[in-house]
Amino acid sequence: MLGCKMVAIPGGVFTMGTDEPEIQQDGEWPARRVHVNSFYMDQYEVSNEDFEIFVNSTGYVTEAEKFGDSFVFEGMLSEEVKAEIHQAVAAAPWWLPVKGANWKHPEGPDSNILKRMDHPVLHVSWNDALAFCTWAGKRLPTEAEWEYSCRGGLENRLFPWGNKLQPKGQHYVNIWQGVFPTSNTAEDGYKGTAPKGPSSGTDKVKKGGSYMCHKSYCYRYRCAARSQNTPDSSASNLGFRCAADSLPDLQ
């Protein structure tokens, strides 16, 4: 039995996007009225435990496993693993291609998920996520459905809970604290993960932030924020959740 329960999202009309984009190249604008039908959304991201059930039931092999490597944030790697890497992403040198990094070994061969079974599964591509959702009798949410859910019925709010990042000094989201990318204070309690589209084109939209998001660099934990990846891309800060038009039999 999968551990991720779904919640009903009643249909409605909402303002999607923003007329005050923070990251111009991501296409966050313009603000427009969008109608969404009623649907169901996973309450949390798909966990390592959920994904393991899927893999054990189907024998599925992720694209990171087929390719033999995946991208990992350098701050999560051991010195031994970093010593074997001699290339990086030019525009973001903190992203390193790590041989043997996959959902079972998020930081490379010398890591595992034994104590992270309730954390979001990582190193899954869009294709991998689609395969899981299909197996579970679900589907991936549309960009509009994700943002509609994120906004929770509130208009013109930066975050799901309002405009203030830390109401009453409390952390409501797992993002980067400190100075990116050199110092992560993990003030919210987690250095890494925590337990819990356009009409045409080849890339897939990514919505939501991650433990690497910081306002100075990647202010993408806002509801209107968006970015993209190719369907076969995977990384150590990217998970997913499913949606459905009705509750699946596995629920």
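No side-chain N or O of S47 forms a donor-acceptor pair with one of D118 less than 3.5 Å apart. S125 and S234 are not linked by any side-chain donor-acceptor pair at a separation below 3.5 angstrom, with hydrogens and angles left out of the test. Residues T230 and D232 bring a donor and an acceptor atom of their side chains to less than 3.5 Å of each other.
In this structure, K66 places its NZ atom where more than 12 heavy-atom neighbours from other residues, nucleotides or ligands lie under 6.0 Å away. Under a cut-off of 6.0 angstrom, the local environment of CD in Q25 is crowded, with over 12 non-hydrogen atoms contributed by other residues, nucleotides or ligands. Counting non-hydrogen atoms of neighbouring residues, nucleotides and ligands closer than 6.0 angstrom, the CH2 atom of W29 reaches no more than 12 such neighbours.
Taking the six-membered ring where the residue is Trp, the centroids of F54 and Y60 are separated by under 6.0 Å. In this structure, F240 has its ring center no closer than 6.0 Å to that of W126.
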Please report the C-alpha distance between K99 and E84 in whole Å, then the side-chain angles of each, then the deciding distance to 0.1 Å, and finally whether the salt bridge (charged side-chain N to carboxylate O under 4.0 Å, His left out) criterion is met. CA-CA 9 Å; K99 292 187 182 301; E84 298 296 319; over 6 Å; no
Go through the steps to decide whether M212 and W94 satisfy the test side chain to side chain contact (heavy atoms under 4.5 Å, CB included), and finish with yes or no. CA-CA 11 Å; M212 288 179 61; W94 45 85; 3.7 Å; yes
Verify side chain to side chain contact (heavy atoms under 4.5 Å, CB included) between L165 and V173, making sure each step is shown before the conclusion. CA-CA 8 Å; L165 180 59; V173 63; 4.0 Å; yes
Derivation and outcome, side chain to side chain contact (heavy atoms under 4.5 Å, CB included), residues F71 and V89: CA-CA 9 Å; F71 284 98; V89 178; 3.6 Å; yes
Working note: V72 + L77, criterion side chain to side chain contact (heavy atoms under 4.5 Å, CB included); need CA distance, chi angles, decisive distance, verdict. CA-CA 8 Å; V72 182; L77 295 172; 3.5 Å; yes
With ring pair (Phe, Tyr, Trp, His ring centres under 6.0 Å) as the criterion, how do Y172 and F159 come out once you've worked through the C-alpha distance, each side chain's angles and the decisive distance to 0.1 Å? CA-CA 9 Å; Y172 280 63; F159 314 115; 9.8 Å; no
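The aromatic rings of F132 and W135 sit tilted relative to each other, their planes meeting at an angle between 30° and 60°. Ring geometry for Y148 versus F14: interplanar angle of 30 to 60°, hence tilted.
The backbone N or O of F73 lies less than 3.5 Å from a partner atom in the side chain of S236, making a donor-acceptor pair. Looking only at distances, a side-chain donor or acceptor of R241 sits under 3.5 Å from a matching main-chain atom of D42. S57 contributes a side-chain N or O that, together with a main-chain N or O of I53, makes up a donor-acceptor pair within less than 3.5 Å. In this structure, D128 contributes its side chain and E63 its backbone to a donor-acceptor pair below 3.5 Å. Not a single donor-acceptor pair under 3.5 Å links the side chain of H105 to the backbone N or O of G100. The backbone N or O of L247 lies less than 3.5 Å from no partner atom in the side chain of K138, so there is not a single donor-acceptor pair. Side chain of N184 to main chain of W176: no donor-acceptor pair is present (N/O by atom type, distance under 3.5 Å, no hydrogens or angles). At distances below 3.5 Å, at least one donor-acceptor pair connects side-chain atoms of N174 with backbone N or O atoms of G192. The main-chain N or O of P106 is found under 3.5 Å from a side-chain atom of H123 such that the two form a donor-acceptor pair. A donor-acceptor pair under 3.5 Å is formed between the side chain of S149 and the backbone N or O of E145.
Counting heavy atoms from C-beta on, the side chains of E187 and H171 come closer than 4.5 Å. N229 is not listed as a side-chain neighbour of K204, based on a closest heavy-atom distance of 4.5 Å or more. Under the 4.5 Å side-chain criterion, counting only non-hydrogen atoms from C-beta, E52 is not in contact with V121. Side chains of Y211 and T193 form a contact here, defined as non-hydrogen atoms less than 4.5 Å apart. In this structure, the side chains of M6 and P248 come closer than 4.5 Å at one or more pairs of heavy atoms. Inter-residue side-chain proximity for K206 and L238 is flagged as met; some heavy-atom pair is nearer than 4.5 Å. Counting heavy atoms from C-beta on, the side chains of V124 and V46 never come closer than 4.5 Å. In this structure the side chain of Y221 never reaches within 4.5 angstrom of the side chain of L158, judged on heavy atoms.
Salt bridge status for K82 with E107: absent, with no side-chain N to carboxylate O gap under 4.0 Å. Note on E155 versus R33: salt bridge recorded, some NZ/NE/NH1/NH2 to OD/OE distance being below 4.0 Å. Using a cutoff of 4.0 Å between basic side-chain nitrogens and carboxylate oxygens, E28 and R222 are scored as salt-bridged. Under a 4.0 Å N-O distance rule, the pair E143/R226 qualifies as a salt bridge. A salt bridge links D26 with R220: at least one charged nitrogen is closer than 4.0 Å to a carboxylate oxygen. Between E65 and K104, at least one side-chain nitrogen of the basic residue sits less than 4.0 Å from a carboxylate oxygen of the acidic one, meeting the salt-bridge criterion.
Interatomic distance, K191 NZ to T185 OG1, rounded to the nearest 0.5 Å: 11.5 Å. The distance from atom CG of L130 to atom CG of L140, rounded to the nearest 0.5 Å, is 5.5 Å. Taken from CZ in R151 to SG in C223, the straight-line distance is 5.0 Å, to the nearest 0.5 Å. Atom CG of N237 and atom SG of C213 lie 7.5 Å apart (nearest 0.5 Å). Going from atom CD1 of I175 over to atom SG of C218 covers 10.0 Å, rounded to the nearest 0.5 Å. Atom CZ in R32 sits 9.5 Å away from atom CG in D19 (nearest 0.5 Å).
Under the 4.5 Å side-chain contact rule for hydrophobic residues, Y190 and Y44 do not share a cluster. F67 and W103 are assigned to two separate hydrophobic clusters, defined by single-linkage of ILVMFWY side chains at heavy-atom distances under 4.5 Å. When the side chains of ILVMFWY residues are joined at heavy-atom separations under 4.5 Å, either directly or via intervening members, F180 and Y219 end up in two distinct hydrophobic clusters.
Taken together, C242 and C133 meet the criterion of an SG-SG distance shorter than 2.5 Å.
Residue W161 comes nearest to P167 through the heavy atom pair CD1-CG, 3.7 Å, listed as atom of the first residue, atom of the second, then distance. Considering every non-hydrogen atom in both V13 and H35, the closest pair reads CG2-CD2, 3.7 Å. Shortest non-hydrogen contact noted between S78 and D110 is OG-OD2, 2.8 Å. Considering all non-hydrogen atoms of both residues, L154 and P160 come closest at CD1-O, 3.6 Å. The two residues P97 and A88 make their nearest non-hydrogen contact at CD-CA, 4.4 Å. Residues S38 and G11 come closest through the heavy atom pair OG-N, 2.8 Å.
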